[in-house]
*Asks:* 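Submitted below is the structure of interest, expressed as structure tokens.
We're numbering straight along the sequence, starting at 1.
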Amino acid sequence: MPVPWFLLSLALGRSPVVLSLERLVGPQDATHCSPGLSCRLWDSDILCLPGDIVPAPGPVLAPTHLQTELVLRCQKETDCDLCLRVAVHLAVHGHWEEPEDEEKFGGAADSGVEEPRNASLQAQVVLSFQAYPTARCVLLEVQVPAALVQFGQSVPRYEKELNHTQQLPDCRGLEVWNSIPSCWALPWLNVSADGDNVHLVLNVSEEQHFGLSLYWNQVQGPPKPRWHKNLTGPQIITLNHTDLVPCLCIQVWPLEPDSVRTNICPFREDPRAHQNLWQAARLQLLTLQSWLLDAPCSLPAEAALCWRAPGGDPCQPLVPPLSWENVTVDKVLEFPLLKGHPNLCVQVNSSEKLQLQECLWADSLGPLKDDVLLLETRGPQDNRSLCALEPSGCTSLPSKASTRAARLGEYLLQDLQSGQCLQLWDDDLGALWACPMDKYIHKRWALVWLACLLFAAALSLILLLKKDHAKAAARGRAALLLYSADDSGFERLVGALASALCQLPLRVAVDLWSRRELSAQGPVAWFHAQRRQTLQEGGVVVLLFSPGAVALCSEWLQDGVSGPGAHGPHDAFRASLSCVLPDFLQGRAPGSYVGACFDRLLHPDAVPALFRTVPVFTLPSQLPDFLGALQQPRAPRSGRLQERAEQVSRALQPALDSYFHPPGTPAPGRGVGPGAGPGAGDGT
């Protein structure tokens with residue numbers, strides 16, 4: 001892992017100046033130091049540079065060059081330390097001048113200038129050792145007798161910092177590792193796989209303290225730290241396979257001063273790591289022309305522009321006229337574009353395989369457009385040729401080919417000459433133009449599309465009608481059952497009839513099953529809504545006559561209004577007469593209304609003549625004819641009609657027996673006519 005060394009001198013800036021140093025002893029902080037100008041010495045004291053700069057009265061020593069060298073320092077053959085030897089080159093900057101006021105110069109630059117021949121040059125140099133996650137520094141004091149100073153020599157312009165990077169080996173790369181004690185206690189690392197997880201196994205003694213760091217190693221630039229932790233004893237650290245990339249490296253070292261660190265990069269050849277690297281890579285558009293590839297690791301790649309047309313066709317590389325460009329991770333690249341276009345995309349290849357493709361301009365310019373890309377090629381003597389980029393290749397214009405661009409070639413050339421095409425790129429050898437196509441498509445195919453739409457609409461209508469007819473047949477015809485609530489026994493009989501009809505392909509509505517809606521809306525509003533929906537759906541309204549119903553009809557026909565009676569609030573029949581009578585009086589009832597009454601309760605002749613303009617059936621003796629009248633008007637007569645009539649009769653018979661012969665009572669003498677039956681004394 002690279003370790004940078006930085007050199008700071010007391011002579012800062014273009015002119016000779018002095019920077020004071022302050023040493024903080026013990027557990028102090030560096031809050032009052034200048035930002036970035038503090039470090040901890042090896043004896044744990046803090047060296048602080050407050051940042052007060054004052055002019056120097058004479059020449060100063062300025063660093064000009066920095067060299068490093070790895071050396072092995074041994075106390076004995078098996079007790080060695082790996083050290084870094086630093087050589088600092090200093091030069092004289094400035095000339096002797098008599099200070100106006102010695103009091104204002106102090107700190108590290110008190111040279112005590114009396115006479116140039118007796119004076120000496122002094123400087124304090126800070127060597128700062130920076131390595132993740134620690135930073136240390138060394139303070140050097142340099143003194144040069146004035147007699148050794150050569151005036152008039154050329155001194156290079158001083159820089160504030162001298163930077164140098166020294167690559168340090170780890171214990172595995174040292175042939176003399178067995179002579180370095182810190183390598184003996186180094187945590188040894190093994191990598192094992194377990195399904196989707198990867199285990200880092202550190203096999204060390206329980207008392208051993210060590211540091212572990214995960215980082216992304218970079219070919220250019222410093223490493224990118226990802227994770228750091230101080231650990232003790234044997235450890236197993238689990239990583240998910242999605243965290244693996246080729247440049248993921250591991251650094252371990254004993255928690256001892258100035259210990260040697262070991263680095264291992266075990267995933268360089270791992271196929272999963274390379275796959276994760278491309279999955280994590282992203283293209284970022286910075287400006288119209290500039291973009292960069294963002295990825296955890298450096299990777300060999302090249303990029304080029306391509307043109308993607310709507311419809312799912314592959315993006316076609318624009319090479320030539322453009323060329324492939326080498327890509328460096330996190331380095332800004334530029335394409336010589338004049339304008340952006342949503343159909344322009346960037347392709348990134350590695351090892352001749354497409355790895356990334358993104359239409360960077362689509363986010364800001366919208367979705368793909370139905371434009372044609374024209375490639376202009378320029379030759380000598382102002383000769384130029386044009387072709388239109390299509391999935392089959394580049395079609396020359398004008399052309400007699402059967403492609404879309406060839407058929408519209410004349411219009412495209414006219415648009416190009418009139419300035420309606422957008423120029424995307426221009427060069428001495430050619431240019432790129434994006435020409436809209438949608439208007440030509442609309443003109444050429446408007447009638448065809450209109451005919452197709454009309455045909456599709458007609459076909460959809462036919463299918464919809466057939467579907468509605470089939471759906472209605474499957475759902476059954478709607479039937480609204482109206483009756484007079486003569487007594488509770490008759491209501492039970494009506495409920496039995498409605499339930500039996502529901503077993504057939506009929507959708508029956510009766511107020512017995514809608515008492516809550518009836519109370520909320522009122523009888524008139526409820527019946528009016530049910531009658532309108534039933535008739536709109538081609539259904540039928542069934543008038544079930546009883547002695548009470550005949551009496552109510554007679555009242556309406558004589559007086560035109562319903563007199564007050566003892567009927568309950570749910571008697572929809574009384575409320576329905578105001579809507580039913582107009583249909584009969586105006587001749588709209590046939591086909592939409594059917595009458596019915598029960599045998600032994602009412603004779604059909606007792607029904608008022610106005611209501612006998614529609615069929616009136618007696619139940620259950622005329623059930624087959626009654627069920628036939630309830631079918632769709634144009635529906636064929638089903639051969640199962642008799643079977644269904646018997647089914648309804650069997651379901652209705654228990655209710656008839658209970659009504660005409662209540663249990664424990666003699667059979668009532670129910671007559672025929674408006675005044676017959678139990679409802680005769682009910683005041684109906």
*Asks:* Closer than 4.0 angstrom, basic N to acidic O: yes or no for Arg515 and Glu491?
*Replies:*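 Yes.
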*Asks:* Would you say the ring centroid of Phe598 lies under 6.0 angstrom from that of Phe545?
*Replies:*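 No: the rings miss the under 6.0 Å criterion.
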*Asks:* Does the ring center of Phe335 lie less than 6.0 Å from the ring center of Trp291?
*Replies:*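 Yes, the ring of Phe335 comes within the 6.0 Å limit of the ring of Trp291, centre to centre.
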*Asks:* Got a donor-acceptor contact below 3.5 angstrom from the Ser499 side chain to the Gly495 backbone?
*Replies:*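 A pair under 3.5 Å: yes.
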*Asks:* So if I apply the side-chain contact (heavy atoms from CB on, under 4.5 Å) rule between Trp307 and each of Leu432, Leu424, Leu375, which one comes out positive?
*Replies:*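 Among Leu432, Leu424, Leu375, the one that satisfies the side-chain contact (heavy atoms from CB on, under 4.5 Å) with Trp307 is Leu424.
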*Asks:* With rounding to the nearest 0.5 angstrom, report the CD to CG distance, Gln347 to Leu318.
*Replies:*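 Interatomic distance, Gln347 CD to Leu318 CG, rounded to 0.5 Å: 9.0 Å.
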*Asks:* What verdict does the side chain to side chain contact (heavy atoms under 4.5 Å, CB included) test give for Leu501 and Arg507, after you've listed the backbone C-alpha separation in whole Å, the side-chain angles of each residue and the deciding distance to 0.1 Å?
*Replies:* CA-CA 8 Å; Leu501 294 178; Arg507 292 179 290 113; over 6 Å; no
*Asks:* I need the minimum non-hydrogen distance between Trp278 and Ser350, along with the two atoms involved.
*Replies:*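 That closest heavy-atom pairing would be CZ2-CB, 3.4 Å.
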*Asks:* With a 6.0 Å cut-off (strictly less than), is the heavy-atom count around CZ of Arg531, excluding the residue itself, greater than 12?
*Replies:*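 Atom CZ in Arg531 is packed in, count exceeds 12.
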*Asks:* What do the steps show when you test Leu581 against Leu557 for side chain to side chain contact (heavy atoms under 4.5 Å, CB included), and what is the final call?
*Replies:* CA-CA 9 Å; Leu581 286 176; Leu557 294 174; 4.2 Å; yes
*Asks:* Decide, yes or no, whether a salt bridge links Glu537 with Arg477 under the criterion of side-chain N to carboxylate O below 4.0 Å.
*Replies:*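 Result for this pair is no, no salt bridge flagged.
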*Asks:* Applying side chain to side chain contact (heavy atoms under 4.5 Å, CB included) to Leu619 and Leu656, what does each step give before you reach the verdict?
*Replies:* CA-CA 10 Å; Leu619 306 178; Leu656 290 171; over 6 Å; no
*Asks:* Is the Cys315 SG less than 2.5 Å from the Cys345 SG?
*Replies:*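 Answer is no: Cys345 does not pair with Cys315 in a disulfide.
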*Asks:* Is any side-chain heavy atom of Asp371 less than 4.5 Å from a side-chain heavy atom of Cys435?
*Replies:*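 Asp371 does not reach Cys435 side chain to side chain.
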*Asks:* Just do the side chain to side chain contact (heavy atoms under 4.5 Å, CB included) check on Thr613 and Phe584 with the steps written out, would you?
*Replies:* CA-CA 8 Å; Thr613 56; Phe584 281 88; 3.5 Å; yes
*Asks:* Is NZ or CZ of Arg492 both nearer than 6.0 Å to the six-membered ring centre of Tyr659 and within 45° of the ring axis?
*Replies:*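 Geometry flag: not set, cation outside 6.0 Å or 45°.
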